[in-house]
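Letters A, B, ... are given to chains in the order of the sequence lines, protein chains preceding strands, and every chain is numbered from 1.
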Amino acid sequence: MLDTKYNHKNVEEGKYSYWMKKGYFLSGDKSKPPFSMILPPPNVTGKLHIGHAMDVSIQDIIARYKRMNGYDVLWLPGMDHAAIATEAKVVAKLKEQGINKYELGREGFLKKSWEWKEEYAQSIRQQWSKMGISLDYSKERFTLDEVSVKAVNHVFITLYEKGLIYKGKKIINWDPVAKTALSNEEVIYKDVEGAFYHIKYYIENEDKYLDVATTRPETLFGDTAVAVNPKDERYNYLIGKNVILPIVNKLIPIVGDEHADMEKGTGVVKITPAHDPNDFEVGNRHNLDRIVVINEDGTMNENALEFNKMDRFEAREKLVERLKKENLLIDIENIIHSVGHSERTNAIVEPYLSEQWFVKMAPLAKKVLENQKDKEKKVNFVPKNQEKILENWMNDCYDWCISRQLWWGIRIPAWYKDGKMKVQVESPGDGWIQDEDVLDTWFSSALWPFSTLGYPDNTELYKRYYPTNVLVTGYDIIFFWVARMIFQGLEFTNSRPFKECIIHGIVRDKTGRKMSKSLGNGIDPMDMIDEYGCDALRFFLTTNSSPGQDLRFDVEKVKSTWNFINKIWNASRFTLMNTENLKEINLSNLSFSDKWILTRLNDTIKAVTKNMDKYEFNNAGSELYSFIWNDFCDGYIEFSKFNIEKESTQSTLLYVLTNILKLLHPFMPFVTEEIYSNLNIKDAESIMISNYPKYDSNLVFTDTINLMKETREFITKVRTIKKDNNIKKDAKYEFISSNDEIKLLISNCLKLTNDNILKDNKDEYTKLEITSNTKSLKNNLIYYYKESMDEKNKLIEDLNKEKIRLENSILKREKLLSNPGYIKNAPSELIKLEKTKLENEKIAFLEIINKLK
RNA sequence: GGAUUCUUAGCUCAGUUGGUUAGAGCACCUGCCUUACAAGCAGGGGGUCACAGGUUCGAGUCCUGUAGAGUCCACCA
């Protein structure tokens with residue numbers, strides 16, 4: 001028997017290890033159709049946050065739902081080495097211990113990183129178990145394990161041989177703290193305070209100067225030209241002349257280039273080909289030198305003269321001082337402008353000329369765009385509008401910088417000797433030195449849906465589970481990951497990596513702000529589980545926003561979800577207490593209320609299934625919520641109390657409860673398992689492996705729906721009127737009903753006891769008549785009571801109000817029904833319904849007129 | 001500049017291919033310790049669906065425009 005109160009800690013204790021022990025999470029039953037899903041691998045950098053909790057909850061709902069529906073579900077877990085993110089953390093940790101990465105050396109550093117990985121992997125698995133998610137751990141992968149590395153090398157070499165990977169010297173985003181290149185996606189633009197420094201660039205042999213504005217004056221040492229627009233009549237006559245580069249005092253040309261925008265700034269722009277992507281292009285057009293002036297660590301180099309070895313920002317200040325002193329500074333104009341920051345180290349990114357490896361994107365992107373046109377082959381996004389985001393990105397994507405100057409990652413399979421290069425896995429022989437760089441972490445994650453299954457080998461796993469069915473992730477990760485999986489999948493497996501891609505929103509704080517470390521507004525899912533239980537957290541996270549929309553985290557809502565579970569708990573207690581002696585579920589000799597709740601159950605099964613199949617868990621959730629609370633608890637359980645000794649009542653109670661538990665199980669695995677295990681009649685040893693409810697037309701009794709709806713409405717009507725008229729418990733009554741079963745039900749609900757049936761003279765009392773006179777029900781309840789003048793007046797007032805309401809409604813409806821367009825176009829059922837309503841309203845209206853007399 | 005999401009009750013959100021009187025949770029008011037549950041029960045109040053047009057017999061829902069909020073991309077001399 002269940003405890004008297006829902007205690008989430010007791011309920012959740014031990015269940016996960018029980019499921020694991022039983023092997024319920026394992027895939028591989030060949031007798032069933034396969035269903036596969038790859039878990040987006042979390043980074044081994046820290047704790048799971050509330051966004052992970054939402055992401056895995058959605059996936060577990062799908063996994064459990066599919067499993068209960070007879071699928072062989074493979075939900076494959078794994079983790080990502082997260083190259084730069086992890087390396088930054090390990091470096092920071094070592095620094096605390098007074099150890100420098102470079103002193104430790106590559107080997108030593110990697111050893112420390114693997115230790116870090118083991119520690120965090122363990123903690124992540126622990127958190128997964130707390131979330132109750134049904135992962136197949138026997139297939140767990142890591143982006144740096146052998147299988148993954150093999151796939152990565154294969155893909156790299158193949159793309160290189162196809163000419164889709166190349167090495168080139170370009171301007172890339174440089175992180176001076178991590179000392180590595182970054183892809184564009186890893187750069188976060190933030191608005192910061194800065195300034196336009198207006199500097200005098202004197203024209204050669206003239207006493208005039210050009211006003212050149214820049215936000216990064218320290219790059220001046222790398223200037224190899226200034227540009228003006230050829231159409232700009234203020235300056236175009238100067239093209240071909242030189243200016244004197246301030247401080248450096250060398251001559252650089254004035255070139256004419258479209259890049260110089262006449263509207264912007266002063267119309268004159270300095271050209272620094274080694275430190276700005278646009279300038280790089282200008283440099284190419286005009287054959288300009290590329291002078292690098294900044295070191296890898298963000299300090300200035302020898303080209304910066306006396307500022308050599310100074311940090312770039314200190315150099316900026318000092319340079320400005322000197323310009324001021326030499327009267328070369330015109331003005332400092334304070335501005336707010338957006339500046340690129342490294343996603344992981346938050347360092348200000350330096351555009352930097354450097355030799356790196358790139359993936360040539362255009363041909364790969366084109367393939368994706370083509371494939372998305374084919375309904376049978378495309379990746380179907382849920383919600384659908386997310387497809388556009390992918391297409392936009394594919395339409396104008398630039399080459400992907402994949403080399404990173406890090407140690408923690410998969411090393412690039414390229415070898416060098418005497419100026420020659422070979423791309424292959426093994427060393428070509430003595431004296432060949434492997435490329436020092438590793439690959440962008442997203443290069444390995446891009447292969448995740450198939451590398452985890454054994455690709456490039458044609459393994460059993462790969463054959464059975466690829467392409468995967470569903471991928472679930474947040475919209476914030478479409479470019480980083482989803483897009484790249486799709487083009488790599490198409491290129492290498494000739495297939496979409498997943499048939500459907502479910503995109504969810506992000507979890508925000510209560511006021512709608514993004515959660516972040518700096519704001520300190522993050523929520524630790526483990527704290528929530530501790531306080532309210534995993535089931536409450538999961539149900540909250542998955543049912544409180546529509547697909548693709550963001551979710552505001554509100555503890556109050558988690559709390560009210562807990563209350564909902566407590567309600568289920570108590571309804572289960574009631575059911576268990578009253579069905580202890582039931583031997584079998586026998587659904588015959590059903591009463592109206594039995595038939596009604598079974599019909600409502602089947603309606604709910606139908607609606608929930610439909611929403612589950614569309615991944616609209618919010619709708620499934622609210623269907624379940626209102627069915628369980630309003631119909632089962634507030635309706636059926638109350639009615640059942642009057643017939644509790646009957647076999648049909650007990651059977652119905654247990655049958656409905658069992659189905660409720662199963663419908664809820666994907667959302668609330670723990671509490672449903674606990675209650676299910678306490679049922680004395682059940683179809684499986686664990687709810688996890690029981691069958692999901694199916695719509696059963698034999699248990700649908702359409703005619704009882706209206707009957708019970710009207711009965712419940714009648715009961716509410718009586719209660720309202722009783723309360724409005726202050727009718728006490730001891731008021732006398734007279735009750736006539738067209739149906740004995742309904743009469744019993746209403747009498748019990750309204751507590752109409754035999755003692756109060758009116759026997760004496762009616763004329764001494766005030767009479768209050770309440771009727772339900774609808775198609776299926778004829779009830780007439782008359783209260784007799786003694787009332788004050790005030791009460792009488794209030795009654796008249798209320799009746800008048802109702803009269804006016806009915807008058808208006810009747811007029812409105814008559815107008816609608818006399819509209820020829822409506823009669824012509826509206827569905828006949830609707831018109832019929834409107835007509836019945838009009839009739840009922842007219843009857844009610846006449847009744848009121850009578851009463852007012 | 002381009003794309004995209006959103007604006008519905010005091011708050012947070014649902015609202016299906018257009019079709020009953022627009023729903024829920026929380027909050028609020030009233031009455032109840034009724035033997036599953038007071039973390040509950042019963043009853044109630046509260047909305048010009050951002051604004052303006054249009055299409056339609058009928059618009060929260062479709063179209064156009066306006067205002068406001070968010071997000072992404074591009075540009076940021």
ask   = Going by an N to O cut-off under 4.0 Å, is there a salt bridge joining A/Asp603 and A/Arg600?
value = yes

request  = Using a 4.0 Å heavy-atom cut-off across all strands, classify A/Trp562 as base, sugar-phosphate, or nothing.
outcome  = base

query = Any Lys/Arg nitrogen of A/Asp554 or A/Arg552 sitting under 4.0 Å from an Asp/Glu carboxylate oxygen of the other?
reply = no

Protein-nucleotides 23-26 of chain B N/O pairs under 3.5 Å:
residue	atom	partner	partner atom	Å
B/rG25	O2'	A/Ser560	OG	3.1

ask   = Pick the nucleotide of RNA chain B nearest each of A/Ile823 and A/Ser809; which residue has the one closer to the 5' end?
value = A/Ser809

query = Are the side chain of A/Arg513 and the backbone of A/Asn521 linked by a donor-acceptor contact shorter than 3.5 Å?
reply = no

task = Would you indicate what A/Asn611 reaches in the nucleic acid, counting non-hydrogen atoms under 4.0 angstrom: base, sugar-phosphate, or nothing?
result = nothing

With the criterion being N/O to N/O and under 3.5 Å, what pairs connect the protein with nucleotides 17-19 of chain B, and how long is each?
none

ask   = So with a 6.0 Å cut-off around NZ of A/Lys614, is the heavy-atom count from everything else above 12?
value = yes

task = Could you tell me whether A/Glu623 and A/Lys610 have a side-chain N and a carboxylate O separated by less than 4.0 Å?
result = no

Whether over 12 other heavy atoms sit under 6.0 Å from A/Glu829 CD = no

message = Using a heavy-atom cut-off of 4.0 Å across all strands, would you classify A/Asn619 as base, sugar-phosphate, or nothing?
response = sugar-phosphate

Parallel, tilted or perpendicular: rings of A/Phe564 and A/Phe539 (30°, 60°) = tilted

note = To the nearest angstrom, the CZ-P distance between A/Phe381 and B/rU4 comes to 16 Å

query = Nearest-Å distance, CD (A/Glu814) to C1' (B/rC57)?
reply = 17 Å

ask   = Can you check the A/Glu531 CD to B/rA39 C1' distance for me, whole Å?
value = 14 Å

request  = Represent RNA chain B in dot-bracket notation, 5' to 3'. Only Watson-Crick or G-U wobble pairs with both distances under 3.5 Å count; pseudoknot-style crossings use [ ] and interstrand partners use |.
outcome  = (((((((..((((.....[...)))).(((((.......))))).....(((((..]....))))))))))))....

inquiry  = Please verify the inter-ring angle class for A/Phe553 with A/Phe540; under 30° counts as parallel, over 60° as perpendicular, anything in between as tilted.
reply    = perpendicular

query = How close or far is atom C1' of B/rA3 from atom CD1 of A/Ile478, stated in whole angstroms?
reply = 13 Å

ask   = Roughly, in whole Å, what's the span from CG in A/Asn748 to C1' in B/rA42?
value = 16 Å

request  = Under 4.0 Å between any heavy atoms, over every strand shown, what does A/Lys610 touch: base, sugar-phosphate, or nothing? Just pick one.
outcome  = base

task = Give a yes or no answer on whether the side chain of A/Arg573 reaches the backbone of A/Trp569 with a donor-acceptor pair at less than 3.5 Å.
result = no

query = Is A/Arg513 touching bases, backbone alone, or none of the nucleic acid, heavy atoms closer than 4.0 Å?
reply = nothing

ask   = Counting N and O atoms only, with roles assigned by atom type, does the side chain of A/Asn819 sit under 3.5 Å from a partner on the main chain of A/Lys815, one being a donor and the other an acceptor?
value = no

ask   = Can you tell me how far P in B/rA50 sits from the matching atom in B/rA42, rounded to whole Å?
value = 33 Å

request  = Before accepting this row, confirm whether a basic side-chain N of the pair A/Glu814/A/Lys842 lies closer than 4.0 Å to the acidic partner's carboxylate O.
outcome  = yes

message = The criterion is side-chain hydrogen bond (donor to acceptor under 3.5 Å, both in side chains); which residues satisfy it with A/Thr219, sequence neighbours excluded?
response = A/Lys270

message = Please tell me if A/Asn385 has a side-chain N or O lying less than 4.0 Å from either OP1 or OP2 of B/rU5.
response = yes

query = Phosphate oxygens OP1/OP2 of B/rG44: is one of them under 4.0 Å from a side-chain N or O of A/Arg719?
reply = no

request  = Please determine which of A/Phe627, A/Tyr625, A/Phe632 meets the ring-ring contact (aromatic ring centres under 6.0 Å, His included) test together with A/Trp629.
outcome  = A/Tyr625

task = Spell out protein contact along nucleotides 29-38 of chain B as letters: B when the base is contacted, S when just the sugar-phosphate is, - when no protein heavy atom is under 4.0 Å; keep the 5' to 3' order.
result = -BS----BB-

Rounded interatomic separation in angstrom, taking CD from A/Gln549 and P from B/rC13 = 10 Å

task = Write down the distance between CZ (A/Phe564) and P (B/rG40), rounded to a whole number of angstrom.
result = 13 Å

ask   = What integer distance in Å separates A/Ile721:CD1 from B/rA42:P?
value = 18 Å

request  = Go along nucleotides 68-77 of chain B 5' to 3' and tag each nucleotide: B for a protein heavy atom under 4.0 Å from its base, S when only backbone or sugar atoms are that close, - otherwise.
outcome  = --SSSSSBBB

